[in-house]
Amino acid sequence: MIERAALLAALSKVRDPELDEPLTDLGFVSALVEDEGRVTACLRLPTYFCAPNFAYLMVADAKTALLSIPGVTEVNVVLEDHFASDEINSGVGANETFRATFEGLANDELGDLRALFNRKAFLVRQEKLCREVLEAGGHPEDLPSLRLADLPSSRAAERYLERRAELGLDMSPGAPVVVTANGTRVAGTRIDEHLRFARTIRISVEGNAGLCRGLLATRYGNSGSKGVTI
Amino acid sequence: MYEKDGEKYFIVDGHIHWWDASPENQKNKYGDGFIRCFYDYHKNLSPKEYVWPLEKYQKYSQEDLMHDLFEVGYVDVGIFQPTYLSDFYVEGFNTTERDAVLKEKYPDKFMLNTSFDPRYEQQGLEEFEEKVRRWNPKGVKLYTAEWKGDSKGWKLTDEWALKHLQKCLDLGVTNIHIHKGPTIWPLNKDAFDVSDVDDAATTFTDLKFIVEHVGLPRLEDFCWIAVQEPNVFGGLAVAMPFIHTRPRYFANLIGELLYWAGEDRILFSSDYALWQPKWLVEMFVDFQIPEDMQSELGELTPNIKRKILGVNAARLYDIPIPESMDVADEGTTPEITDKPPVPVGT
Ligand SMILES: [Zn+2]
């Protein structure tokens with residue numbers, strides 16, 4: 001018997017790549033059962049036509065995460081009510097690549113897509129962090145010289161560092177905070193427009209997250225927004 | 001025309017449909033899934049009193065449309081944006097032929113756009129020319145996520161898409177409405193990405209590219225190209241109804257659009273029958289950026305609202321506007337700039 005909390009903890013590490021939020025917070029996990037090391041997890045999405053590449057990533061990531069739990073021997077992740085449910089469920093079930101799952105419809109795996117959305121997520125988290133620093137009385141003219149070592153111990157800073165580390169950027173205490181998505185320091189004269197664009201990405205992503213929650217609730221009733229209840 | 005507090009507004013609804021998604025017209029499970037997906041958007045974002053039963057939503061009458069748009073919806077001119085979905089629906093979801101029935105009955109009430117699919121190559125090009133001769137449209141609506149047999153979509157930069165765009169230019173079909181969807185070839189790419197619009201807009205500077213849903217869910221990608229390409233516009237279909245469910249988000253969205261694209265390049269749309277223009281127009285005219293956000297986002301003036309609600313689309317489509325509802329340019333459009341040095345890519 002594996003602790004239910006351990007299963008949920010593993011799934012809470014799996015994110016919707018577009019929304020940069022855990023599947024468990026988004027209410028995408030509709031069922032989770034375990035029996036002697038065999039786990040079945042059901043995922044559901046806000047619409048029948050959610051993008052199949054992101055859907056595949058979530059199903060595959062959920063499987064990997066659950067398999068990483070000691071004692072779990074077999075994992076079956078089932079995507080429900082999606083136009084590509086059959087393809088994705090059998091593809092991920094058989095450990096097929098994305099290309100093989102969508103034969104003829106894809107010419108590569110999803111690494112580039114995931115990386116692109118990790119970079120967007122990093123810029124969003126950076127903008128939130130800078131906003132917090134300024135709201136706490138920081139001066140805009142100090143942003144260019146802000147180092148990792150100067151960061152407050154806050155949730156925004158933690159979230160920023162988490163994604164920064166994941167992108168493999170410089171984590172040394174003296175490294176600048178305001179950087180492009182590939183880690184290049186942003187010059188002081190460019191910081192305004194850099195953060196302005198990051199803000200646009202934030203508004204876009206926050207808007208999408210709100211819409212996804214709303215559509216999920218409309219599709220599955222109010223339990224939609226609460227996440228896994230069984 | 002809508003009038004409130006002594007201000008008059010000429011209303012052009014930049015994106016409307018007359019669809020048939022009834023079970024009799026559904027070809028397969030995708031046709032059913034598609035309209036149910038639309039219906040969830042409708043239910044989730046509409047005020048309760050405007051929510052239709054599914055049956056009516058699947059197929060509504062000419063009278064419904066005329067009533068909702070022109071009798072109670074304040075619309076002066078509606079622009080039909082056909083969406084074929086021939087792989088999902090027997091007679092198509094909303095074809096030019098279907099819209100033409102209403103256009104012929106009420107010629108002054110509608111702009112009739114048509115469409116093309118570059119995957120039909122030379123034959124498609126000839127059929128497109130035929131459609132243009134028959135209906136004399138000023139625009140096309142393109143849905144790049146449309147399925148066609150094994151293909152799950154196409155890009156504006158595909159060889160035959162460029163040939164079709166050249167044909168648009170030759171025939172004077174100058175308004176190119178683009179709607180992105182969840183699939184494309186290859187499936188491993190972000191289907192919502194609008195960078196192909198950027199390339200097409202650079203190549204065809206005499207065509208206007210109206211990105212539907214202002215690029216949502218990729219608002220940032222749309223803003224990124226709008227600031228560089230003066231011939232790129234944003235249609236507010238799907239963005240409008242947030243004014244009701246999430247007004248602060250709507251304020252942010254409009255703030256971003258005004259900042260990057262400016263007040264001259266945003267077009268009101270209900271996406272009828274997804275939503276109804278009556279409540280959208282009423283709420284938009286009443287809308288103001290919340291006070292605590294105004295230092296960052298500014299305020300919406302009646303003139304900005306007039307441009308968005310009708311003037312901008314009327315200019316694109318040469319629709320005459322009564323003088324009392326026109327707006328002189330105020331030079332508030334942001335400058336077109338080079339790519340901002342904010343690479344999201346590698
Ligand atoms: Zn539409």
Side-chain angles (χ1 to χ4, degrees), chain A residues 18-19 46-56 81-84 98-99 101-102 104-113 115-117 119-120 122-123 180-182 184 186-187 190 193-208 210-212 214-219, chain B residues 29-30 32-45 145 147 150-153 181-193 214-224 227 238-239 242 245-246 249-250 252-253 255-257 259-260 296 337 340-346:
Chain A
E18 285 179 280
L19 305 178
T47 78
Y48 182 72
F49 278 105
C50 284
N53 43 19
F54 292 107
Y56 174 95
D81 307 334
H82 188 272
F83 82 82
F98 183 74
R99 266 180 93 162
T101 300
F102 289 99
L105 296 176
N107 64 2
D108 203 352
E109 293 309 307
L110 299 176
D112 286 353
L113 183 74
L116 171 65
F117 281 81
R119 291 194 296 273
K120 290 192 183 200
F122 172 62
L123 291 177
T180 65
N182 11 331
T184 316
V186 179
R190 295 289 201 187
E193 54 187 13
H194 170 79
L195 291 177
R196 192 65 189 71
F197 188 66
R199 173 201 159 92
T200 307
I201 308 176
R202 170 171 65 80
I203 285 162
S204 184
V205 172
E206 286 176 356
N208 296 338
L211 179 62
C212 287
L215 290 171
L216 193 76
T218 299
R219 196 174 184 201
Chain B
K29 64 175 179 174
Y30 305 117
D32 179 49
F34 189 86
I35 192 65
R36 282 181 191 277
C37 178
F38 264 38
Y39 189 58
D40 283 349
Y41 273 83
H42 167 72
K43 264 205 305 197
N44 180 238
L45 298 179
W147 295 8
D150 289 337
S151 164
K152 296 287 176 273
T183 59
I184 197 175
W185 197 92
L187 275 187
N188 41 292
K189 296 279 185 210
D190 180 18
F192 297 106
D193 180 29
V214 290
L216 293 177
R218 301 286 178 264
L219 177 69
E220 72 276 25
D221 293 351
F222 167 72
C223 289
W224 177 269
V227 75
V238 180
F242 293 116
T245 39
R246 292 156 66 211
Y249 165 59
F250 183 76
N252 269 318
L253 189 69
E256 292 304 308
L257 294 171
Y259 179 83
W260 295 101
E296 259 182 326
T337 61
V342 205
V344 179
T346 42

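Lettering of chains follows the sequences in order, A, B, ..., and the numbering in each one begins at 1.
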Using a 3.5 Å distance criterion without hydrogens, assess whether the side chain of [X] forms a donor-acceptor pair with backbone atoms of [Y].
X: B/Asn252; Y: A/Ile203; value: no
X: B/Asn44; Y: A/Leu211; value: no
X: A/Ser204; Y: B/Pro217; value: yes

Problem set entry | Portion of B/Asp150 that has a non-hydrogen atom of chain A nearer than 4.5 angstrom | backbone
Seminar exercise, completed: If one checks every heavy atom of B/Asp221 against chain A at 4.5 Å, the contacting part turns out to be side chain
Problem set entry | Geometric class of the A/Phe83/B/Tyr30 ring pair [parallel <30°, tilted 30-60°, perpendicular >60°] | perpendicular
Exercise. Looking at B/Phe222, B/Tyr259, B/Trp224, B/Trp260, which hits side-chain contact (heavy atoms from CB on, under 4.5 Å) with A/Thr200?
Worked result: B/Trp260
Student check: side-chain heavy atoms of [X] and [Y] closer than 4.5 Å:
X: B/Leu187; Y: A/Phe98; result: yes
X: A/Phe49; Y: B/Thr183; result: no
X: B/Leu45; Y: A/Thr218; result: no
X: A/Arg196; Y: B/Glu256; result: yes
X: A/Glu206; Y: B/Arg246; result: no
X: B/Arg218; Y: A/Glu18; result: yes

Less than 4.5 Å to any heavy atom of chain B: does that hold for the side chain of [X], its backbone, both, or neither?
X: A/Arg99; value: neither
X: A/Phe102; value: side chain
X: A/Phe122; value: neither
X: A/Phe117; value: side chain

Seminar exercise, completed: Heavy-atom nearest pair, A/Glu109 first then B/Asn188, reads O-CB, 3.7 Å
Problem set entry | Minimum heavy-atom distance between A/Ala106 and B/Pro186, given as atom pair plus value | CA-CB, 4.1 Å
